[in-house]
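Because only heavy atoms are used, hydrogens play no part in the values below, and waters and symmetry mates are left out as well, while side chains stay in. Bear in mind the structure is a predicted one, so any value in this text is a computation, not a measurement.
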There are 2 protein chains.
Amino acid sequence: MTKMNNKNKIFIDKLRSSGLRPTNQRVEISKFLFNRKKTFHFTVEELKSSMNLKRQKKISTATFYNTVHALKSAGHLKEFSLENNTSCYDTNITSHHHFFDNGKVIDIKSDKITFQKLPEAPKGKKIKNVEVVIRLENNN
Amino acid sequence: MTKMNNKNKIFIDKLRSSGLRPTNQRVEISKFLFNRKKTFHFTVEELKSSMNLKRQKKISTATFYNTVHALKSAGHLKEFSLENNTSCYDTNITSHHHFFDNGKVIDIKSDKITFQKLPEAPKGKKIKNVEVVIRLENNN
DNA sequence: ACATACTTTAGAATAATTATAAAGTAGTTA
DNA sequence: TAACTACTTTATAATTATTCTAAAGTATGT
Ligand SMILES: [Mn+2]
Ligand SMILES: [Mn+2]
Ligand SMILES: [Zn+2]
Ligand SMILES: [Zn+2]
């Protein structure tokens, strides 16, 4: 078992609160995802490629999927579908919106969009969340 | 070749304007999609199942995909991704929004949602469209 | 160390979609 | 209408994203 220095505690805690033991692979994934200044968006395939690029011993696809799903279920990641029907994960778990610009996804802070009018939920239902996608195209 | 009565003209025109010759299979698909009072949402698999159910000679999967894609490209259908990453097509091609209610998709007329504030597009870009998804959950 | 439980992984299996290429059909010409 | 050509349909293979399985590996408690 690895010697864990205290500076990894926050990444380990995200795993523990997702019901995952902090194994080496998982801690590396958690650090890769959350040890940064800015949040970002990624697909599992992108995550796997960029993390495995620098590694001698590759982390398996299943471990990436399992870990990402657990983090997502615990609320440490948000998930949405890209236009090509693949899952995109977001380390920004605050409520916010997106620009879709030809495959590129850009955050829109929640307070940049406000509503004048919103429909009521059908009876028996209530609103869980409201998400806006603004699709962009090139000028002219 | 089939004898086309005039009442199919509108469905045939949608095919022609999509760059497709109005073959029997295509006309049947076009009628199935557009010969109704209310618009609806469907996946290719659902379309195939429901149309082939009543047929002796089945229309092939490829023909469904090809026809739906051509209609979509010509603007006769809109496409969006469901949460399980499959394509959902919409015969309502007006600009509008959706409730997502556990896999069920419900239209929200465009005028039911208005914005108080919307962000500007990044420089060099402009807004192509704005789509809102309101996710629902059960009350209580 | 032993036993037990959890983890990792390669590879198989699924599901949605796209590509291929042969056989069928329609449109045009002679 | 026969022949020619172009477009269509379809079965089937291929791809891609994702999930499942089962065996081998690793950690934890005693
Ligand atoms: Mn998933
Ligand atoms: Mn498609
Ligand atoms: Zn985001
Ligand atoms: Zn709709």
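The interatomic distance linking B:E79 (CD) with C:dA16 (C1') rounds to 12 Å, in whole Å. Going from atom CG of A:N84 over to atom C1' of C:dA15 covers 16 Å, rounded to whole Å. The separation between B:Q56 atom CD and D:dT10 atom P is 11 Å, rounded to whole Å. We find that CZ of A:R16 is positioned 12 Å from C1' of D:dA27, with the value rounded to whole Å. Taking atom CG of residue B:L82 and atom P of nucleotide C:dA15, one finds them 16 Å apart after rounding to whole Å.
For B:D13, the side chain to side chain donor-acceptor pair (under 3.5 Å) criterion is met by B:K9, not counting sequence neighbours. Partners of B:E137 according to the side chain to side chain donor-acceptor pair (under 3.5 Å) rule, which considers only residues two or more places apart in sequence or in another chain, do not exist here. Partners of A:S18 by side chain to side chain donor-acceptor pair (under 3.5 Å), not counting sequence neighbours: none found. Not a single side chain to side chain donor-acceptor pair (under 3.5 Å) links B:Q25 to another residue, sequence neighbours left out.
For residues 119-140 of chain A, there are no ring pair (Phe, Tyr, Trp, His ring centres under 6.0 Å) pairs, not counting sequence neighbours.
Between A:N85 and C:dT17 there is a side-chain polar atom (N or O) within less than 4.0 angstrom of OP1 or OP2. One finds a side-chain N or O of A:H69 lying less than 4.0 angstrom from the OP1 or OP2 phosphate oxygen of D:dT19. In terms of phosphate contacts, A:T86 brings no side-chain nitrogen or oxygen within less than 4.0 Å of OP1 or OP2 of D:dT18. Residue B:Y65 has a polar side-chain atom (N or O) positioned under 4.0 Å from OP1 or OP2 of C:dT17.
Side-chain N/O atoms of A:T91 and A:H41 include no donor and acceptor closer than 3.5 Å. When only modelled atom types and interatomic distance are considered, A:S87 and B:N85 share a side-chain donor-acceptor pair under 3.5 Å.
Its side chain within the 4.5 Å cluster rule, A:L82 clusters with A:F80, A:F100, A:V105, A:V133 among the Ile, Leu, Val, Met, Phe, Trp and Tyr residues.
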Check nucleotides 6-9 of chain D against the protein and report each pair of N or O atoms closer than 3.5 Å, with its distance, or say if there are none.
from, atom 1, to, atom 2, distance (Å)
D:dC7, O4', B:R21, NH2, 3.3
D:dT8, OP1, B:R21, N, 3.1
D:dT8, OP1, B:R26, NH1, 2.8
D:dT8, O5', B:R26, NH1, 3.2
D:dT8, O5', B:R26, NH2, 3.4
D:dT9, OP1, B:T23, OG1, 2.2
D:dT9, OP1, B:Q25, OE1, 3.3
D:dT9, OP2, B:R26, NE, 2.9
D:dT9, OP2, B:R26, NH2, 3.1
D:dT9, O3', B:Q25, NE2, 2.8

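Of the residues in residues 40-51 of chain A, not one places a heavy atom less than 4.0 Å from an atom of DNA chain C.
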Solution key, residues 118-128 of chain A side-chain donor-acceptor pairs under 3.5 Å, sequence neighbours excluded:
from, atom 1, to, atom 2, distance (Å)
A:K125, NZ, B:D101, OD1, 3.3
A:K125, NZ, B:D101, OD2, 3.2
A:K125, NZ, B:N138, OD1, 2.7

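Comparing atom distances between the B:A62 side chain and each of C:dA19, D:dA17, C:dT17 picks out C:dA19 as nearest.
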